[in-house]
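To keep things clear, I will list the structure first and then write my remarks on it.
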There are 2 protein chains.
Amino acid sequence: MKRKITLKQIARELDVSISTVSKALSGSKEISEDTTQKIQAFAKLYNYRPNNIALSLKNRKTKTIGILIPEIVHHFFSTVIRGIELVANKRGYNVIVGLSNESFTKEIINMEMLANGSIDGFILSISKETLLKQDYHHFNATINQGMPIVMFDRVVNEIKCDKVIVDDYKGSIKAVNMLIEKGSKNIALITTMDYVSVGKLRTQGYLEALEASKIVPDSNLILKIDDSLVDEDLEDLENEIEQFFKSNNKIDGVFAVNELYAVTAMKVARKLGLSIPDDIQVIGFTDGVLSKHATPSLTTVSQHGQKIGEQSADLLIDRLELEEDESLDYTDENERNENFKTIIIETEIIERESTK
Amino acid sequence: MKRKITLKQIARELDVSISTVSKALSGSKEISEDTTQKIQAFAKLYNYRPNNIALSLKNRKTKTIGILIPEIVHHFFSTVIRGIELVANKRGYNVIVGLSNESFTKEIINMEMLANGSIDGFILSISKETLLKQDYHHFNATINQGMPIVMFDRVVNEIKCDKVIVDDYKGSIKAVNMLIEKGSKNIALITTMDYVSVGKLRTQGYLEALEASKIVPDSNLILKIDDSLVDEDLEDLENEIEQFFKSNNKIDGVFAVNELYAVTAMKVARKLGLSIPDDIQVIGFTDGVLSKHATPSLTTVSQHGQKIGEQSADLLIDRLELEEDESLDYTDENERNENFKTIIIETEIIERESTK
DNA sequence: ATTCGTAGCGAAAACGTTTTCGTGTTGACA
DNA sequence: TGTCAACACGAAAACGTTTTCGCTACGAAT
């Protein structure tokens, strides 16, 4: 078991100085050809690789991105990670992953753990509890320390940083319009509580689309599900939806804000003897495995998670590499970098069997 | 934007030496109470936190675990990550994630990128391509550099390291036995090509279970699916299974080595007018979202991915923290640490609607 | 013969810590 | 008054790099 070799050892072995080794390996022409060759050969033989930690300390940057998400066992979030990892790797960065598990405290702990030099910047999506508390001081704190943040999907406007979001509003309009066009007259909405921003936006889109088609929204046709931090109560969910359907038997179209609600709605509908899509059409937000493999397969609004990840990573790395140059130009605190971008990823409707 | 404060700055500000600050902050009684209080107060005010990179360099350990998996948009792998992250965090470690994307080359690149000081050890699952090539030199290389590896799920015996695996063999036997007990006479197997070790083991379990019940295996009842590095051809998969069913119409039970195959089999069966579980029963390996939300919901063999992750992390960290002490005791290369463990996680059958 | 330029290399600082080993200043004690 | 602990602190090394600056020696130019 030979530990990794260092510059110092090479230097001692070859009887030159550390600086000479370093320069020779980087191909500096300060060093004679003879010496360079000798050193490079030796280094290759012993498979020398510069120590990342030492480089990080010296360069004051780690070439590592911190990802902080509420949950990883989740199709959407894992596609986002895949996107981030893809471009991060391509651009020479690593990714370190933290899970908040939807908890405010874990979010803070994780941020503090990573913000002390381990990473160059954050890509994150806010936990539900944080959204509920509306306490965002930890985000501002890290930003003030000079560590850039990119937020995706679950974002808040008050934080000054780059953002990548899905056009929840427009996506919902598209979905509801499609239901209308395909003949649904009484379109129900199955959504979450309002504090999750995306839920609210999708609800707004639903209402807007109805009004645009001169349909008066009926509050009885809106089911708000309280998934308060737990979403393992499959039975409860089914029952709730079943009651909802039973007390509104004119429903012939459903727009659900996520695929679980949509698939469950289909299940319940079938149980009630309704045929899909003939009696009732269903569209869900968030295109995941469930939608694709359900029977009938589900028409969805795809969020392009991977693209969200890619854009987030590009945004962050662009900013990091920009800062490199201007870090000394703009000591002027005020007018620097107030050009934060918000990228909107267009949604796309993927038609499958649950619509006509 | 104030950069993070360092010991040096505190020292200069308070007109003491760096060592004094360091000692005061760690509560050394070498420093007078007065000075200690003054320094601690100042540090708290400016929210001092030690720089992780500097600590890593000094201590020659990063308190970071590298995870290297073939794919992240995958229920099983993401549950494993969740498990790893859980205990890693609890024990003061971070996790950095690399994706091989089932590619041999990406696996190597990722390992080299991380093995140069960024992490203390690996937890990984081998990519299909590597398994196919049977080229494991990169694993041995990193182990020889003194970096411990824990392999999970997709492992190979020839590598000397800790391992955490699922009892694929026994799990399959349990599943097939259940089908037999519940009345299936002609049980089909839908599996992958043999080079993926878990596929092979599950096939063996299937055969073994049949023979134990004096049922002669029929090679016509075994469908091997070539998912060679791509598994997006849903249509192809359906067609293949449909042909399979049509040419073996006596099939009244199906054991599939993953949930996608199982769910697709159910879909096809229903299309062919078979009712589940009355005409045909289905069990799948790997308990994921699909199984739970399919209609009918699928009886599965659960692998307890999270537990796999937890155990892997514990195994790795145990070894890391053990090495700390003995690193000087055992300079004797030969007899050190040959006590590698292989932990077997028991599977569990989760009964749902696809069996009687 | 003196000056100069340059090729080739080494010393040292810096990144931010921790820790070992001094060192100077007290007070007590003989 | 001189010796010796104990106390409170500082200097410096170490982790592994990169980079700036300086130094030496040698050949060329004046």
Side-chain angles (χ1 to χ4, degrees), chain A residues 2-40 43 46-64 115-120 145-146 324 327-328, chain B residues 2-40 43 46-64 115-120 145-146 324 327-328:
Chain A
K2 353 158 195 194
R3 286 219 96 72
K4 298 229 67 181
I5 199 171
T6 69
L7 285 187
K8 190 191 283 194
Q9 296 172 36
I10 300 184
R12 198 186 312 141
E13 219 56 38
L14 261 44
D15 214 50
V16 290
S17 79
I18 297 183
S19 359
T20 305
V21 179
S22 174
K23 288 170 188 165
L25 289 179
S26 65
S28 160
K29 54 189 172 151
E30 231 182 300
I31 307 298
S32 77
E33 214 164 312
D34 271 8
T35 321
T36 302
Q37 291 226 341
K38 195 175 54 177
I39 293 179
Q40 285 186 347
Y46 282 88
N47 193 32
Y48 169 80
R49 295 275 181 276
N51 180 304
N52 281 336
I53 297 293
L55 286 180
S56 296
L57 184 58
K58 180 129 213 8
N59 302 331
R60 294 146 122 231
K61 62 184 164 204
T62 60
K63 289 273 185 181
T64 306
N116 299 316
S118 303
I119 61 170
D120 295 340
Q145 277 179 28
E324 259 174 59
S327 60
L328 287 184
Chain B
K2 354 156 191 191
R3 286 218 96 70
K4 296 228 67 180
I5 198 170
T6 70
L7 286 188
K8 191 190 283 196
Q9 296 171 35
I10 300 185
R12 197 186 313 140
E13 219 58 36
L14 260 44
D15 215 49
V16 291
S17 80
I18 297 183
S19 0
T20 304
V21 179
S22 175
K23 289 170 189 166
L25 289 179
S26 65
S28 160
K29 54 189 172 151
E30 235 182 298
I31 307 298
S32 75
E33 215 163 311
D34 272 10
T35 322
T36 302
Q37 292 228 340
K38 194 175 58 178
I39 293 180
Q40 285 185 348
Y46 282 88
N47 192 32
Y48 169 80
R49 294 276 182 276
N51 180 304
N52 282 333
I53 296 293
L55 285 180
S56 295
L57 184 58
K58 179 125 216 355
N59 302 330
R60 293 149 119 226
K61 61 185 167 204
T62 60
K63 290 274 185 179
T64 307
N116 299 315
S118 304
I119 61 170
D120 295 339
Q145 277 177 28
E324 258 174 59
S327 60
L328 288 184

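In what follows, chains carry the letters A, B, and so on, assigned in the order in which the sequence lines appear, proteins first and then strands, with residues in each chain numbered from 1.
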For B:Pro50 and B:Leu55, the nearest pair of non-hydrogen atoms, with its separation, is CB-CD1, 3.9 Å

Between B:Val21 and A:Leu57, which is nearer to the 5' end of DNA chain D once each is assigned its nearest nucleotide?
-> B:Val21

side-chain hydrogen bond (donor to acceptor under 3.5 Å, both in side chains) with B:Ser118: of A:Thr62, A:Thr64, A:Asn52, A:Asn51, only one passes, and it is A:Asn52

Grab the two heavy atoms, one from B:Ile39 and one from B:Ala24, that are nearest each other, plus how far apart they are.
-> CD1-CB, 3.6 Å

Rounding to 10 degrees, work out the angle separating the end axes of the helix from C:dA1-D:dT30 to C:dA30-D:dT1 (five pairs an end).
-> 90°

First and last nt of DNA chain D near chain B, cut-off under 4.0 Å to heavy atoms, 5' to 3', are D:dA8 to D:dG16

Sequence neighbours excluded - side chain to side chain donor-acceptor pair (under 3.5 Å) pairs with any residue from residues 12-22 of chain A | A:Ser17-A:Ser19, A:Ser17-A:Thr20

Touch class at under 4.0 angstrom, heavy-atom based, for B:Thr6 against every strand present | sugar-phosphate

Assess whether side chain to side chain contact (heavy atoms under 4.5 Å, CB included) is satisfied between A:Ile31 and A:Val16, documenting all intermediate values.
-> CA-CA 11 Å; A:Ile31 307 298; A:Val16 290; over 6 Å; no

Residues within residues 8-19 of chain B bordering DNA chain C, heavy-atom distance below 4.0 Å | B:Lys8, B:Ile18, B:Ser19

Could I get the full list of salt bridge (charged side-chain N to carboxylate O under 4.0 Å, His left out) partners for B:Lys23, not counting sequence neighbours?
-> B:Glu30

Looking only at heavy atoms, what is the nearest atom pair of B:Asp120 and B:Lys63, with distance?
-> OD2-N, 2.8 Å

Correct closest heavy-atom pair for B:Leu25 and B:Ala43 would be CD2-CB, 3.6 Å

What is the nucleic acid contact for B:Thr35, judged by heavy atoms within less than 4.0 Å: base, sugar-phosphate only, or nothing?
-> sugar-phosphate

Spacing of B:Lys38 atom NZ and B:Ser32 atom OG [to the nearest 0.5 Å] = 8.0 Å

If you measure only the distance, is there a donor-acceptor pair under 3.5 Å linking the side chains of A:Asn116 and B:Lys4?
-> yes

Got A:Tyr46 and A:Ile10 here, is their nearest side-chain heavy-atom distance under 4.5 Å?
-> no

Would you mind classifying the nucleic acid contact of A:Ser32 as base, sugar-phosphate or nothing, using non-hydrogen atoms under 4.0 angstrom?
-> sugar-phosphate

Tightest non-hydrogen contact, residues A:Ser56 and B:Ile53, listed as CB-CG2, 3.9 Å

Pair of N/O donor and acceptor under 3.5 Å linking C:dG8 base with A:Lys23 side chain = no

Decide yes or no for B:Asn47 and B:Ile5: does some side-chain heavy atom of the first lie under 4.5 Å from some side-chain heavy atom of the second?
-> no

Roughly how many Å is it from CD in B:Glu30 to C1' in C:dT20, rounded to a whole number?
-> 9 Å

For DNA chain C, the residues among residues 46-55 of chain A that have a non-hydrogen atom under 4.0 Å from it = none

